[in-house]
S.K.: 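This structure is in structure tokens; I'll ask about it shortly.
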Amino acid sequence: YEAEAVLTQRDGDAVGPAAIRAALEPLVAAKMRIEMKVVKVKRAGDVAVLYNDWSGTVTGPDGQPVHLSGKAMEIVRR
């Protein structure tokens, strides 16, 4: 991630690589496998916006699988 990258989640923003890593750590610790399907790309020069549908499964506190899904948008630079 770039130095001032922002990850926006329901409970607030994480700014910068260290904060983004900390925000994603629970998913990594839960060994969540995330599948992302890019549904649209809008490009302008070396910058693009990627629209994604994502889904994944983690083990809940009761040991049962919990399926999560949503939509995401990423701004990327070549």
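None of these values were measured; they are calculated from a predicted model. Along the sequence shown, the residues carry numbers beginning at 1.
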S.K.: About how many Å separate CD1 of Ile75 and NZ of Lys42, when rounded to the nearest 0.5 Å?
M.R.: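 Nearest 0.5 Å value for the NZ-CD1 distance: 14.5 Å.
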S.K.: Taking only residues two or more places apart in sequence or in another chain, which ones pass side chain to side chain donor-acceptor pair (under 3.5 Å) with Arg78?
M.R.: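 Per chain and number, Arg78 pairs via side chain to side chain donor-acceptor pair (under 3.5 Å) with no residue.
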S.K.: With Glu4, which residues qualify under side chain to side chain donor-acceptor pair (under 3.5 Å), at least two apart?
M.R.: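 Applying side chain to side chain donor-acceptor pair (under 3.5 Å) to Glu4 gives none.
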S.K.: Ignoring hydrogens and geometry, is there a side-chain-to-backbone donor-acceptor pair from Arg43 to Gly45 under 3.5 Å?
M.R.: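 Here the side-chain-to-backbone pair exists.
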S.K.: Any salt bridge (Lys or Arg N to Asp or Glu O under 4.0 Å) involving residues 52-72? Give me the pairs, sequence neighbours left out, ordered by first then second residue.
M.R.: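 Listed once each, the pairs are Asp53-Lys71.
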S.K.: Using links of under 4.5 Å between side-chain heavy atoms of ILVMFWY residues, direct or through other members, which residues join Val76 in one cluster?
M.R.: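 Besides Val76, the hydrophobic cluster comprises Val38, Val41, Leu50, listed by chain and residue number.
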S.K.: Listed by chain and number, what are the side chain to side chain donor-acceptor pair (under 3.5 Å) partners of Glu74, not counting sequence neighbours?
M.R.: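 For Glu74 the side chain to side chain donor-acceptor pair (under 3.5 Å) partners, ignoring immediate neighbours, are Asn52.
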S.K.: Output all residues satisfying side chain to side chain contact (heavy atoms under 4.5 Å, CB included) with Thr57, sequence neighbours left out; order by chain, then residue number.
M.R.: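 Thr57: side chain to side chain contact (heavy atoms under 4.5 Å, CB included) contacts with Pro65, His67.
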S.K.: Which residues, ordered by chain and number, are linked to Met36 in its hydrophobic cluster, where ILVMFWY side chains connect at heavy-atom gaps below 4.5 Å, directly or through other members?
M.R.: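 Met36 shares its hydrophobic cluster with Tyr1, Leu7, Ile20, Leu24, Leu27, Met32, Ile34, Trp54, Val58, Val66, Leu68.
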S.K.: Considering all heavy atoms of both residues, which atom of Pro17 and which atom of Ala3 are nearest to each other, and what is their separation?
M.R.: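 Heavy-atom minimum between the residues: CD-O, 3.6 Å.
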S.K.: Applying side-chain hydrogen bond (donor to acceptor under 3.5 Å, both in side chains) as the test, list every pair that has at least one member in residues 11-33; sequence neighbours left out.
M.R.: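 Of all non-adjacent pairs touching residues 11-33, those that pass side-chain hydrogen bond (donor to acceptor under 3.5 Å, both in side chains) are Thr8-Asp13.
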